[in-house]
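I have placed the structure first, in the form of C-alpha coordinates, so that the comments after it can refer back to it.
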Amino acid sequence: DAKTTQPTSMDCAEGRAANLPCNHSTISGNEYVYWYRQIHSQGPQYIIHGLKNNETNEMASLIITEDRKSSTLILPHATLRDTAVYYCIVRFTNFGNEKLTFGTGTRLTIIP
Amino acid sequence: DTGVSQNPRHKITKRGQNVTFRCDPISEHNRLYWYRQTLGQGPEFLTYFQNEAQLEKSRLLSDRFSAERPKGSFSTLEIQRTEQGDSAMYLCASRSSGANTGELFFGEGSRLTVL
(Lines give C-alpha, C1' and ligand atoms only; values in the text may rest on other atoms or scores of the structure.)
Protein backbone atom coordinates (compact mmCIF):
# COMPACT_ATOMS: atom_id res chain seq x y z
CA ASP A 1 0.00 0.00 0.00
CA ALA A 2 1.16 3.54 -0.74
CA LYS A 3 2.51 5.55 2.17
CA THR A 4 0.75 8.66 3.39
CA THR A 5 2.03 11.83 5.01
CA GLN A 6 -0.10 13.85 7.40
CA PRO A 7 0.64 16.76 9.74
CA THR A 8 1.19 15.59 13.28
CA SER A 9 -1.35 17.94 14.80
CA MET A 10 -3.84 20.68 13.95
CA ASP A 11 -6.19 22.98 15.83
CA CYS A 12 -9.56 24.23 14.63
CA ALA A 13 -12.08 26.58 16.21
CA GLU A 14 -15.43 25.10 17.10
CA GLY A 15 -18.01 25.77 14.38
CA ARG A 16 -15.40 26.31 11.69
CA ALA A 17 -14.51 23.90 8.91
CA ALA A 18 -11.62 21.59 9.71
CA ASN A 19 -9.48 20.78 6.69
CA LEU A 20 -7.12 17.84 7.16
CA PRO A 21 -4.55 17.30 4.40
CA CYS A 22 -2.94 14.05 3.33
CA ASN A 23 -0.18 13.43 0.82
CA HIS A 24 -0.04 10.12 -1.00
CA SER A 25 2.25 10.87 -3.92
CA THR A 26 2.98 7.19 -4.69
CA ILE A 27 -0.66 6.15 -4.90
CA SER A 28 -1.43 3.78 -7.75
CA GLY A 29 -4.43 3.87 -10.05
CA ASN A 30 -6.55 1.33 -8.22
CA GLU A 31 -5.82 2.39 -4.66
CA TYR A 32 -8.59 3.98 -2.67
CA VAL A 33 -8.16 6.75 -0.10
CA TYR A 34 -9.78 5.95 3.24
CA TRP A 35 -10.19 8.14 6.31
CA TYR A 36 -10.72 6.85 9.81
CA ARG A 37 -10.67 8.66 13.12
CA GLN A 38 -9.98 7.52 16.65
CA ILE A 39 -11.43 9.30 19.62
CA HIS A 40 -9.51 8.80 22.84
CA SER A 41 -9.91 5.31 24.35
CA GLN A 42 -12.09 4.09 21.49
CA GLY A 43 -11.48 1.99 18.40
CA PRO A 44 -11.05 3.67 15.01
CA GLN A 45 -14.20 4.79 13.25
CA TYR A 46 -14.67 4.83 9.47
CA ILE A 47 -15.40 8.27 8.04
CA ILE A 48 -15.31 8.18 4.25
CA HIS A 49 -13.41 6.82 1.26
CA GLY A 50 -12.96 7.61 -2.42
CA LEU A 51 -11.07 6.69 -5.57
CA LYS A 52 -11.06 9.66 -7.95
CA ASN A 53 -14.15 11.74 -7.43
CA ASN A 54 -14.91 13.94 -4.48
CA GLU A 55 -17.16 12.28 -1.95
CA THR A 56 -19.53 13.55 0.71
CA ASN A 57 -21.48 11.83 3.43
CA GLU A 58 -23.17 12.84 6.67
CA MET A 59 -19.84 13.07 8.48
CA ALA A 60 -17.44 14.72 6.07
CA SER A 61 -16.33 15.56 2.55
CA LEU A 62 -13.31 14.11 0.78
CA ILE A 63 -11.55 16.15 -1.87
CA ILE A 64 -9.04 14.26 -4.01
CA THR A 65 -6.76 16.20 -6.35
CA GLU A 66 -6.90 15.43 -10.04
CA ASP A 67 -3.49 13.74 -9.99
CA ARG A 68 -4.63 11.82 -6.86
CA LYS A 69 -1.39 12.60 -5.09
CA SER A 70 -3.10 14.34 -2.21
CA SER A 71 -6.47 14.66 -0.57
CA THR A 72 -8.26 16.74 2.04
CA LEU A 73 -10.82 15.63 4.57
CA ILE A 74 -13.26 18.39 5.43
CA LEU A 75 -15.38 18.45 8.56
CA PRO A 76 -17.76 21.29 7.67
CA HIS A 77 -18.77 22.49 11.13
CA ALA A 78 -16.37 21.10 13.70
CA THR A 79 -17.64 20.35 17.19
CA LEU A 80 -15.76 19.45 20.35
CA ARG A 81 -16.67 15.81 19.73
CA ASP A 82 -14.57 15.89 16.56
CA THR A 83 -11.40 16.07 18.65
CA ALA A 84 -9.59 12.87 17.65
CA VAL A 85 -6.69 11.38 15.71
CA TYR A 86 -7.50 11.25 12.00
CA TYR A 87 -5.88 8.60 9.82
CA CYS A 88 -5.50 8.79 6.05
CA ILE A 89 -4.98 5.35 4.50
CA VAL A 90 -4.58 4.16 0.94
CA ARG A 91 -5.26 0.58 -0.05
CA PHE A 92 -5.80 -1.52 -3.12
CA THR A 93 -9.44 -1.99 -4.06
CA ASN A 94 -12.38 -2.31 -1.77
CA PHE A 95 -11.89 -6.03 -1.50
CA GLY A 96 -9.08 -8.53 -1.46
CA ASN A 97 -6.41 -6.54 0.31
CA GLU A 98 -7.58 -6.83 3.87
CA LYS A 99 -4.77 -5.06 5.62
CA LEU A 100 -5.42 -1.43 6.52
CA THR A 101 -2.04 0.19 7.17
CA PHE A 102 -2.44 3.02 9.64
CA GLY A 103 0.21 5.72 10.06
CA THR A 104 0.44 8.00 13.06
CA GLY A 105 -2.33 10.28 11.83
CA THR A 106 -3.18 13.91 12.59
CA ARG A 107 -4.26 14.83 16.09
CA LEU A 108 -7.08 17.34 15.59
CA THR A 109 -8.05 19.49 18.54
CA ILE A 110 -11.24 21.50 18.36
CA ILE A 111 -10.96 24.65 20.43
CA PRO A 112 -14.07 26.13 22.08
CA ASP B 1 -21.29 1.41 19.98
CA THR B 2 -20.35 -0.30 16.72
CA GLY B 3 -21.72 -3.69 17.76
CA VAL B 4 -18.25 -5.27 18.07
CA SER B 5 -17.68 -6.36 21.65
CA GLN B 6 -14.30 -7.04 23.25
CA ASN B 7 -13.55 -8.55 26.64
CA PRO B 8 -11.93 -7.89 28.97
CA ARG B 9 -11.51 -4.17 28.41
CA HIS B 10 -8.49 -4.03 30.67
CA LYS B 11 -6.06 -6.71 31.74
CA ILE B 12 -3.05 -6.36 34.02
CA THR B 13 -0.78 -9.35 34.22
CA LYS B 14 2.69 -10.28 35.32
CA ARG B 15 5.40 -11.11 32.85
CA GLY B 16 5.33 -14.76 31.87
CA GLN B 17 1.60 -15.25 32.38
CA ASN B 18 -0.82 -16.19 29.61
CA VAL B 19 -3.72 -13.93 28.66
CA THR B 20 -6.70 -14.39 26.38
CA PHE B 21 -8.89 -11.77 24.76
CA ARG B 22 -12.27 -12.37 23.23
CA CYS B 23 -13.98 -10.57 20.36
CA ASP B 24 -17.63 -10.87 19.42
CA PRO B 25 -18.11 -9.33 15.96
CA ILE B 26 -21.29 -8.04 14.42
CA SER B 27 -23.30 -11.22 13.89
CA GLU B 28 -23.61 -11.13 10.11
CA HIS B 29 -19.97 -10.23 9.54
CA ASN B 30 -17.88 -13.09 8.18
CA ARG B 31 -14.53 -11.27 8.32
CA LEU B 32 -12.79 -10.59 11.61
CA TYR B 33 -9.53 -8.74 12.21
CA TRP B 34 -7.09 -8.27 15.06
CA TYR B 35 -4.90 -5.19 15.40
CA ARG B 36 -2.44 -4.03 18.03
CA GLN B 37 -1.90 -0.41 19.01
CA THR B 38 0.89 0.95 21.17
CA LEU B 39 0.96 4.41 22.69
CA GLY B 40 1.25 7.19 20.14
CA GLN B 41 1.11 4.84 17.16
CA GLY B 42 -1.62 3.85 14.77
CA PRO B 43 -3.09 0.36 14.88
CA GLU B 44 -0.97 -2.42 13.36
CA PHE B 45 -2.52 -5.37 11.57
CA LEU B 46 -2.02 -8.76 13.22
CA THR B 47 -4.30 -11.24 11.49
CA TYR B 48 -7.69 -11.76 9.91
CA PHE B 49 -10.27 -14.51 9.48
CA GLN B 50 -12.90 -15.24 6.92
CA ASN B 51 -15.41 -17.37 8.76
CA GLU B 52 -13.27 -19.85 10.70
CA ALA B 53 -10.28 -19.75 8.34
CA GLN B 54 -7.29 -17.63 9.32
CA LEU B 55 -6.21 -16.20 5.98
CA GLU B 56 -3.35 -13.84 6.80
CA LYS B 57 -0.94 -13.35 9.67
CA SER B 58 1.46 -10.48 10.19
CA ARG B 59 5.09 -11.04 11.08
CA LEU B 60 4.16 -9.20 14.28
CA LEU B 61 2.26 -12.32 15.33
CA SER B 62 5.07 -14.24 16.99
CA ASP B 63 4.87 -17.87 18.06
CA ARG B 64 3.59 -16.75 21.44
CA PHE B 65 0.45 -15.37 19.84
CA SER B 66 -2.40 -17.52 18.62
CA ALA B 67 -5.78 -16.48 17.29
CA GLU B 68 -8.77 -18.69 16.68
CA ARG B 69 -12.28 -18.36 15.39
CA PRO B 70 -13.56 -21.90 15.85
CA LYS B 71 -17.15 -21.54 14.70
CA GLY B 72 -16.79 -18.52 12.52
CA SER B 73 -18.42 -16.31 15.11
CA PHE B 74 -16.43 -15.03 18.11
CA SER B 75 -12.64 -15.03 18.11
CA THR B 76 -9.98 -15.34 20.78
CA LEU B 77 -6.45 -13.97 20.83
CA GLU B 78 -4.12 -15.69 23.26
CA ILE B 79 -0.70 -14.45 24.26
CA GLN B 80 1.53 -16.96 25.99
CA ARG B 81 4.44 -16.09 28.28
CA THR B 82 3.67 -12.39 28.11
CA GLU B 83 6.50 -9.88 27.88
CA GLN B 84 6.50 -6.20 28.77
CA GLY B 85 6.66 -5.39 25.08
CA ASP B 86 3.24 -6.97 24.65
CA SER B 87 1.67 -4.09 26.57
CA ALA B 88 -0.70 -2.49 24.09
CA MET B 89 -4.31 -2.06 23.07
CA TYR B 90 -5.61 -5.07 21.16
CA LEU B 91 -8.35 -4.09 18.74
CA CYS B 92 -10.84 -6.31 16.98
CA ALA B 93 -12.77 -5.33 13.88
CA SER B 94 -15.26 -7.01 11.60
CA ARG B 95 -16.96 -6.55 8.29
CA SER B 96 -19.01 -8.41 5.75
CA SER B 97 -17.14 -9.61 2.67
CA GLY B 98 -20.19 -8.60 0.67
CA ALA B 99 -20.09 -4.99 1.80
CA ASN B 100 -19.16 -2.57 -0.96
CA THR B 101 -17.41 0.03 1.17
CA GLY B 102 -14.67 -2.02 2.76
CA GLU B 103 -15.49 -0.29 6.04
CA LEU B 104 -14.20 -2.00 9.17
CA PHE B 105 -16.19 -1.80 12.39
CA PHE B 106 -13.86 -1.69 15.37
CA GLY B 107 -14.50 -2.62 18.97
CA GLU B 108 -13.29 -0.47 21.85
CA GLY B 109 -10.27 -2.66 22.40
CA SER B 110 -8.69 -4.66 25.20
CA ARG B 111 -5.85 -2.88 26.97
CA LEU B 112 -3.06 -5.15 28.18
CA THR B 113 -0.51 -4.07 30.76
CA VAL B 114 2.33 -6.47 31.46
CA LEU B 115 4.22 -5.74 34.68
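Numbers restart at 1 for each chain; the letters A, B, ... are given by sequence-line order, proteins then strands. In this text, all values refer to a predicted model and were calculated from it rather than measured experimentally. Computed from heavy atoms alone, side chains included, the values below leave out hydrogens, waters and symmetry copies.
One hydrophobic cluster, built from ILVMFWY side chains closer than 4.5 Å, cannot hold both L104(B) and F21(B); they sit in different ones. Hydrophobic clustering of Ile, Leu, Val, Met, Phe, Trp and Tyr side chains at less than 4.5 Å, counting indirect connections, unites V19(B) with W34(B). By the rule that hydrophobic residues join a cluster once side-chain heavy atoms approach within less than 4.5 Å of another member, L46(B) and Y36(A) end up as members of separate clusters. Connection of V85(A) to F45(B) is established within a shared hydrophobic cluster, with ILVMFWY side chains joined at heavy-atom distances below 4.5 Å, either directly or through further cluster members. Note: the hydrophobic cluster containing L75(A) also contains L80(A) (ILVMFWY, side chain heavy atoms under 4.5 Å, direct or indirect links).
Contact tally against chain B (heavy-atom pairs below 4.5 Å) for Q42(A), Q38(A), R107(A): the top residue is Q38(A). With respect to chain A, the highest number of heavy-atom pairs below 4.5 Å among G109(B), C92(B), G40(B), P43(B) belongs to P43(B).
Counting heavy-atom neighbours within 6.0 Å of L115(B) CG, excluding the residue itself, gives a total above 12. Within a 6.0 Å sphere centred on CD1 of I12(B), heavy atoms belonging to other residues, nucleotides or ligands number 12 at most. In the displayed structure, D63(B) atom CG is contacted under 6.0 Å by at most 12 heavy atoms of other residues, nucleotides or ligands. Heavy-atom contacts from other residues, nucleotides or ligands closer than 6.0 Å to CZ of R15(B) number 12 or fewer.
Remark: Y34(A) OH to E103(B) CD distance equals 9.0 Å, nearest 0.5 Å. Taking OH of Y35(B) as the start and CG of L100(A) as the end, the distance is 4.0 Å to the nearest 0.5 Å.
Among all heavy-atom pairs drawn from L91(B) and P44(A), the shortest one is CD1-CD, 4.0 Å. Here the shortest heavy-atom pairing between R9(B) and S41(A) reads NH2-O, 3.9 Å. Closest approach of Q37(B) and Y87(A) over heavy atoms only: NE2-OH, 3.4 Å.
Close approach to chain A, defined as a heavy atom under 4.5 Å from one of its heavy atoms, is seen in no residue of residues 78-86 of chain B.
For R111(B), no part sits under 4.5 Å from any heavy atom of chain A, backbone or side chain.
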